[in-house]
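A quick write-up on the structure given underneath.
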Amino acid sequence: MPEQPEVEHAARRLREALVGRRVRDLALLHPALRRTLDDAAAASLAGRTVVGVERRGKHQLLRLDDGRTLHAHFRMAGDWAIGRDDAPLPRHARAVLQCEDGTRVALVDPRALASLTILAAGEPSPVLGPEADDPALDVATLRASLARRRGPIKPVLLDQRVVAGVGNIYAAEALWHAHISPRAVASSLGPVRVGRLLDGIRTALAEGARTATRYRDDAAGADLAVYGREGEPCRRCGAPIRRIVQAGRSTYFCPSCQRT
DNA sequence: TATTCCCTGTGC
DNA sequence: GCACAGGGAATA
């Protein structure tokens, strides 16, 4: 289940599998995908060649040789299954992109929340904030964008217009690294804490990238600092990790060393 | 700014 | 059964 590091890894695999290959067809296997793409639009990909694959935040952009873009978003549970078309389709395959040379990419998505859309040539991709690794993202920029926000910092970090690609796991991890309470009011953060937060975001995402060669499972989850560790000792101070709910999502934090 | 909903699966 | 799941758009 993807956050930005997992999506980056997925996009790399996709690039390797698809760039230079010609599409035979795109089949939609689950009706939920028709919320954003109809069969005629999917069929219009036939004969197109994939010329590039980019990632922006958690979005994947498949550039086509006619200038259009197939835009994929995994949401909560998506992933690519990449292989040859003689292999059996995996369970929960919701869409299948078949190439002329036998390469087959399946969108595997148990919850059927992922989306596929087609962007016309020149049509803008979704509005997102800067990438976490963008050198233009500095303390002043981040502080300015937080200054306009009234609520607690943790839900604000999930807003993709603040920093693209930060999800529920890494928002919690970043705040832990930064010693900042998830309940701290975003606009109240001064330059020192925003500096720590920016470092924390980068640290958390870099740490995620190291272990994102595949999707997290129980074993891989073991190296997260706070996420999913309710009741377990803080790796820094030993106090029990707490779970609270903010904006309908779980937040994990150490009430002892993330005080303000 | 917080809830509700989209879907389905897993684990208690 | 019910709570919960890594996202985000649509609501109230």
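Chain naming here is simple, since letters A, B, ... match the order of the sequence lines and numbering starts at 1 in each.
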Taking only side-chain N and O atoms of [X], does any of them lie within less than 4.0 angstrom of OP1 or OP2 on [N]?
X: A:Q246; N: B:dA2; answer: no
X: A:R149; N: B:dT1; answer: yes
X: A:S250; N: C:dA5; answer: yes
X: A:H92; N: B:dT8; answer: no

For the side chain of [X], counting heavy atoms from C-beta on, which of [options] is nearest?
X: A:K58; options: B:dT8, B:dT10, C:dG8; result: C:dG8
X: A:Y252; options: B:dA2, C:dA5, B:dT8; result: C:dA5
X: A:P152; options: B:dA2, C:dG7, B:dT8; result: B:dA2

For A:R21, is there an ion pair with A:E100 - N to carboxylate O distance below 4.0 angstrom?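 No, A:E100 and A:R21 are not salt-bridged.
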A:T251-A:Q246 side chain donor-acceptor pair, cut-off 3.5 Å: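 A pair is found: one side chain offers a donor N or O, the other an acceptor, under 3.5 Å apart.
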Would you kindly give the [atom1]-to-[atom2] distance between [X] and [N], to the nearest whole Å?
X: A:R111; N: C:dC4; atom1: CZ; atom2: P; answer: 13 Å
X: A:I244; N: C:dA3; atom1: CD1; atom2: P; answer: 19 Å
X: A:L158; N: C:dA9; atom1: CG; atom2: C1'; answer: 14 Å
X: A:Y170; N: C:dA5; atom1: OH; atom2: P; answer: 16 Å
X: A:R75; N: C:dA10; atom1: CZ; atom2: C1'; answer: 11 Å
X: A:L113; N: B:dT4; atom1: CG; atom2: C1'; answer: 13 Å
X: A:Q60; N: C:dG7; atom1: CD; atom2: P; answer: 14 Å
X: A:H73; N: C:dG8; atom1: NE2; atom2: P; answer: 4 Å

Under 4.0 angstrom, heavy atoms only, what part of the nucleic acid is A:R94 near: base, sugar-phosphate, or nothing?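 The residue A:R94 makes sugar-phosphate contact but no base contact.
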Validation row, ring centre A:F74 to ring centre A:W80 under 6.0 Å: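 Close enough - the centres of the two rings lie under 6.0 Å apart.
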Across all strands shown, which nucleotide pairs with B:dC7 by Watson-Crick or G-U wobble geometry, both distances under 3.5 Å?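 No nucleotide pairs with B:dC7.
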Are any of the side-chain heavy atoms of A:L224 and A:R229 separated by less than 4.5 Å?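 Heavy-atom side-chain distance check fails, nothing below 4.5 Å.
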Do A:V162 and A:L142 come within less than 4.5 Å of each other through their side chains, counting heavy atoms only?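 In short, these two side chains touch, coming nearer than 4.5 Å.
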How far, in whole Å, is C:dA3 from B:dC5 if one measures between their P atoms?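 These two P atoms come out 15 Å apart once rounded.
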Same-atom distance (P) from C:dA10 to B:dC7, integer angstrom: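 Rounded to whole Å, the distance is 14 Å.
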When you match A:R91 and A:R35 each to their closest nucleotide on DNA chain B, which lands nearer the 5' end?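 Final value for this comparison: A:R35.
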Closest nucleotide of DNA chain C for A:R243 versus for A:R249: which of these residues is on the 5' side?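 Its nearest nucleotide being more 5', the pick is A:R243.
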Nearest 0.5 angstrom please: A:N168 CG to A:Y252 OH, how far?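 So the gap between those two atoms works out to 8.5 Å.
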